[in-house]
Amino acid sequence: SNKNEEMIMKCENNEVIVASYQFYDRIATSGIQDINLHKMVFESLTRLAENKFASFPNVNSSVVSQFGRIIGIILKSFPKRNYEHDHTPHEFSEIDKVAFSKYIELSKNVADHFPTGDFIHITTQKILDAVATIIPILPNDQREECLQLYKYVYAKNDEKLKVAICRELN
């Protein structure tokens with residue numbers, strides 16, 4: 001994770017950066033059973049969000065939108081691992097409970113640090129979209145965490161974020 005993160009931090013080629021997201025996709029969506037690996041991936045994505053993507057010069061760049069997409073993919077992977085053939089949500093493992101909470105925190109971090117200009121930041125929008133798709137199939141505790149994320153973003157008192165939250169809840 002550190003080598004991948006280092007390469008992304010130094011890389012100027014957007015296509016290479018987007019391709020490097022596959023590393024996070026494959027690791028995080030495979031059902032990590034090691035809390036330290038979850039922590040390493042989460043911390044790496046958090047550093048990338050804060051140190052590279054929050055101040056990326058072109059918010060319409062594929063690098064930025066694909067970062068939001070990868071966070072969304074990771075969030076969507078949690079219920080998929082716990083959604084049984086009977087189509088009912090089942091409780092998360094202890095490792096997944098901790099990891100899911102971390103990604104909700106990362107989502108708050110993105111809402112805090114990725115600016116809204118004329119439009120809501122595409123990274124924030126992609127994460128909110130992903131959360132909306134998983135709420136119905138989450139166990140109650142994780143569903144509540146998602147609703148708390150929405151309340152947090154709504155309370156930021158940014159009109160564009162408020163509209164986005166209202167649209168997601170419809």
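In what follows, every heavy atom counts, from backbone to side chain, and hydrogens, waters and symmetry copies are set aside. Predicted model only: the values in this text are computed from it and were never measured.
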For residues 163-170, dump all side-chain donor-acceptor pairs below 3.5 Å to protein atoms at least two apart in sequence or in another chain.
residue: Glu168; atom: OE2; partner: Gln125; partner atom: NE2; Å: 2.9
residue: Asn170; atom: ND2; partner: Cys166; partner atom: O; Å: 3.4

Any side-chain heavy atom of [X] within less than 4.5 Å of one from [Y]?
X      : Y      : answer
Tyr21  : Ile71  : no
Phe100 : Asp141 : no
Leu106 : Ile74  : no
Gln148 : Ile104 : no
Val64  : His121 : yes
Arg69  : Ile73  : yes
Ile122 : Phe67  : no

What is the minimum heavy-atom distance between [X] and [Y], and which atoms define it?
X      : Y      : result
Ser101 : Glu145 : OG-OE1, 2.6 Å
Arg143 : Ile135 : NE-O, 2.9 Å
Asn109 : Glu50  : ND2-OE2, 2.5 Å
Leu75  : Ile134 : O-CD1, 3.7 Å
Ala111 : Lys156 : O-CE, 3.3 Å
Lys76  : Thr133 : CD-OG1, 3.7 Å

Got a sec, which residues hit side chain to side chain donor-acceptor pair (under 3.5 Å) with Glu43, two or more places apart in sequence or on another chain? none
Other residues, nucleotides and ligands only: do more than 12 of their heavy atoms fall within 6.0 Å of NZ on Lys102? no
In Å, rounded to the nearest 0.5 Å, how long is the span from [atom1] of [X] to [atom2] of [Y]?
X      : Y      : atom1 : atom2 : value
Leu149 : Glu144 : CG    : CD    : 11.5 Å
Asn14  : Ser62  : CG    : OG    : 5.0 Å
Asn140 : Glu91  : CG    : CD    : 7.5 Å
Ser44  : Met9   : OG    : CE    : 9.5 Å
Asp112 : Ser107 : CG    : OG    : 11.0 Å
Gln142 : Ile137 : CD    : CD1   : 12.0 Å

Decide yes or no on side-chain contact (heavy atoms from CB on, under 4.5 Å) for Ile70 and Gln22, but give the supporting numbers first. CA-CA 8 Å; Ile70 196 64; Gln22 290 178 8; over 6 Å; no
Glu94/Lys97 ion pair, N-O < 4.0 Å: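 Yes, Glu94 and Lys97 are salt-bridged.
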For Lys160, is there an ion pair with Asp118 - N to carboxylate O distance below 4.0 angstrom?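 Looking at Asp118 and Lys160, the cut-off is not met.
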Do Val153 and Phe119 share a hydrophobic cluster, counting only Ile, Leu, Val, Met, Phe, Trp and Tyr and linking them when any side-chain heavy atoms are less than 4.5 Å apart? no
Before you tell me yes or no, could you show the steps for Leu138 and Phe92 under side-chain contact (heavy atoms from CB on, under 4.5 Å), namely the whole-Å CA-CA distance, both residues' side-chain angles and the distance that decides it to 0.1 Å? CA-CA 9 Å; Leu138 288 173; Phe92 282 16; 3.7 Å; yes
Check whether Tyr152 reaches the backbone of Glu105 with its side chain - one donor and one acceptor, N or O, closer than 3.5 Å. no
Passes side-chain contact (heavy atoms from CB on, under 4.5 Å), Glu5 versus Tyr24? Steps please. CA-CA 10 Å; Glu5 178 186 340; Tyr24 297 103; 3.7 Å; yes
